[in-house]
S.K.: 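Take this structure, written in structure tokens, and hold onto it; I'll ask about it next.
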2 protein chains.
Amino acid sequence: MTLFLSTHHNKIDKKGRVSIPASFRGELSEESFQGVVLFRSNIHQCLEGFAWSYMQEIGKRLDDFDLFSAEQDDLATSIFGTAVQLSMDGDGRIVLPKDLIEFAQFDEKATFVGMGKKFQIWTPESFESRRDVARQAVQSKGLTIPKGAHDGGRK
Amino acid sequence: MTLFLSTHHNKIDKKGRVSIPASFRGELSEESFQGVVLFRSNIHQCLEGFAWSYMQEIGKRLDDFDLFSAEQDDLATSIFGTAVQLSMDGDGRIVLPKDLIEFAQFDEKATFVGMGKKFQIWTPESFESRRDVARQAVQSKGLTIPKGAHDGGRK
DNA sequence: ATGCTTCCCATGGTATCCCATATATATCCA
DNA sequence: TGGATATATATGGGATACCATGGGAAGCAT
């Protein structure tokens, strides 16, 4: 089971390349496609990513919607339409597309944040504040992780 | 499994030719027919397309309607009636028929939007707003991808 | 022929591959 | 224990292959 953990700060070179943290690569090593899928977060000004196999999983679930329904269309547009499949080079790097760099406002450093089966990529500064906000929220709302068959609860 | 992903902006030359994005071609490479099927979208002012083999899938789903029902008739007309089969040239381009260019109001740029098993083609401007609307809808309606084996309503 | 379409090749820009270097971590041996 | 050597990771740069695009030549119908 893939579990992305911890945070890593890596540099984005002038070609737009950035190394996937080695521990993340370890989680990806058994994937048939050596790379990741990235897309714009719906709620934050950051990128989200996961393994290719997870994208296929999503694809299968979307099949269950009516092919031409409005829901299917909305979901497919916002998920598949904004996602990109990025393969790693021999050294474990990916190239970030220009529009995604712009969206997340990357300068020269990218912060990889492990979040279990997905991960996020922030600018170091914005993640700094994001972490504080998140910790605050967990404290004040007393958030916990539900126990059994869990489906995200909120939705 | 075919999965069209991401968005690509390609140019339509004066001959009406446009390149199928390379990643889309990759998904199509195993198809017996090297090309795509295009037709007018029922809900948007854009084109929809997919691999020839997927046309069969559509056919099967249509079979589930009563053969002489009004719905079957409407769907069959709007999908099969307006669909065109376009083969790629040696460089991975197709020629857009004039009536489809007119329908989607293409100028000189076409935006290919991956949506899993199918894709859409928009003008860059109209897709810009379409993407925002879709994201809004996903957020406000709280649309999510069902978790397990899901029966997306009609079967 | 004329107009339209399909095929083929040329080009420029970009992304991909490959190798070099530096820094950090781990390993080994005295 | 200390020091030296190996291994892994992150980063930089150059060579190459691929892709999008334009234009011309060849086929086909009217």
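To find a chain, count down the sequence lines: A is the first, B the second, and so on, and within it residues start at 1.
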S.K.: With a 3.5 Å cut-off and sequence neighbours excluded, list the donor-acceptor pairs that the side chains of residues 19-26 of chain A form with protein atoms.
M.R.:
{"unit_1": "A:S23", "atom_1": "OG", "unit_2": "A:H8", "atom_2": "NE2", "d": "3.4"}
{"unit_1": "A:R25", "atom_1": "NH1", "unit_2": "A:I20", "atom_2": "O", "d": "2.7"}

S.K.: Would A:V36 and A:M88 count as a side-chain contact (heavy atoms from CB on, under 4.5 Å) here? Give the steps.
M.R.: CA-CA 8 Å; A:V36 295; A:M88 293 190 290; 5.9 Å; no
S.K.: Working note: A:D74 + B:R130, criterion side-chain contact (heavy atoms from CB on, under 4.5 Å); need CA distance, chi angles, decisive distance, verdict.
M.R.: CA-CA 9 Å; A:D74 289 339; B:R130 165 64 192 143; 2.9 Å; yes
S.K.: Roughly what angle, to 10°, lies between the helix axis at the start of the helix from C:dA1-D:dT30 to C:dA30-D:dT1 and the one at its end, five pairs per end?
M.R.: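 So the angle between the two local helix axes works out to 40°.
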S.K.: Check the side chains of B:E31 and B:S53 for a donor-acceptor pair under 3.5 angstrom, ignoring hydrogens and angles.
M.R.: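 Per modelled atom types, B:S53 and B:E31 side chains form a pair under 3.5 Å.
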S.K.: To the closest 0.5 Å, what do you measure between NZ (B:K117) and CD (A:Q72)?
M.R.: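 Output value for this atom pair is 11.0 Å.
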S.K.: Below 4.0 Å from chain B heavy atoms, what is the first contacting nucleotide of DNA chain C and what is the last?
M.R.: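 On DNA chain C, the outermost contacted nucleotides are C:dT6 to C:dC9.
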S.K.: Would you mind checking if B:E102 and B:K98 are paired as a salt bridge, meaning a charged N to carboxylate O distance below 4.0 Å?
M.R.: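 No, no charged N to carboxylate O under 4.0 Å.
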S.K.: Kindly assign one of parallel, tilted or perpendicular to the pair B:F119 and B:F4, based on the angle between their ring planes and the thresholds 30° and 60°.
M.R.: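 Ring orientation, 0 to 90° scale: perpendicular.
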S.K.: So if I apply the side-chain contact (heavy atoms from CB on, under 4.5 Å) rule between B:V18 and each of B:I94, B:I101, B:I121, which one comes out positive?
M.R.: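 That would be B:I94; it is the only one of B:I94, B:I101, B:I121 passing the side-chain contact (heavy atoms from CB on, under 4.5 Å) with B:V18.
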S.K.: Select from B:K11 and A:A22 the residue whose nearest nucleotide in DNA chain D is closer to the 5' end of that strand.
M.R.: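 Here A:A22 is the residue nearer the 5' end.
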S.K.: Counting only non-hydrogen atoms, which of residues 96-108 of chain A are less than 4.0 Å from DNA chain D?
M.R.: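 Residues of residues 96-108 of chain A under 4.0 Å from DNA chain D: none.
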S.K.: With sequence neighbours excluded, give me every ring-ring contact (aromatic ring centres under 6.0 Å, His included) pair touching residues 79-117 of chain A.
M.R.: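 Those involving residues 79-117 of chain A do not exist here.
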S.K.: Here's a test for you: under side chain to side chain donor-acceptor pair (under 3.5 Å), which of B:K15, B:R17, B:K11 qualifies with B:D13?
M.R.: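 Passing option: B:R17.
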S.K.: Measure up the B:F33 and B:W52 rings against each other and bin them: parallel (under 30°), tilted (30 to 60°), perpendicular (over 60°).
M.R.: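 Perpendicular, since the angle between the ring planes exceeds 60°.
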S.K.: Do A:D73 and B:Q120 pair up side chain to side chain, a donor and an acceptor below 3.5 Å, judged on atom types alone?
M.R.: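 The criterion, which ignores hydrogens and geometry beyond distance, is satisfied for B:Q120 and A:D73.
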S.K.: Calculate the interatomic distance between A:D89 atom CG and D:dA15 atom P; express it in whole Å.
M.R.: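 Distance check: A:D89 CG to D:dA15 P gives 18 Å.
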S.K.: Report the C-alpha distance between A:R40 and B:R135 in whole Å, list the side-chain angles of each, state the deciding distance to 0.1 Å, and finish with yes or no for side-chain contact (heavy atoms from CB on, under 4.5 Å).
M.R.: CA-CA 11 Å; A:R40 300 162 163 81; B:R135 187 181 294 166; 3.6 Å; yes
S.K.: Looking at every strand, decide which applies to A:I20 at a 4.0 Å heavy-atom threshold: base, sugar-phosphate, or nothing.
M.R.: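 Sugar-phosphate, backbone atoms only, no base.
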S.K.: Tabulate atom names and distances for all N/O pairs under 3.5 angstrom spanning the protein and nucleotides 23-27 of chain D.
M.R.:
{"unit_1": "D:dG23", "atom_1": "OP2", "unit_2": "B:K14", "atom_2": "NZ", "d": "3.0"}
{"unit_1": "D:dG23", "atom_1": "N7", "unit_2": "B:R17", "atom_2": "NH2", "d": "3.1"}
{"unit_1": "D:dG23", "atom_1": "O6", "unit_2": "B:R17", "atom_2": "NH1", "d": "2.7"}
{"unit_1": "D:dG23", "atom_1": "O6", "unit_2": "B:R17", "atom_2": "NH2", "d": "3.3"}
{"unit_1": "D:dG24", "atom_1": "O6", "unit_2": "B:K15", "atom_2": "NZ", "d": "2.3"}

S.K.: For the pair made of CD1 in A:I12 and P in D:dG12, what is the distance, rounded to whole Å?
M.R.: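 After rounding, the gap between these two atoms is 11 Å.
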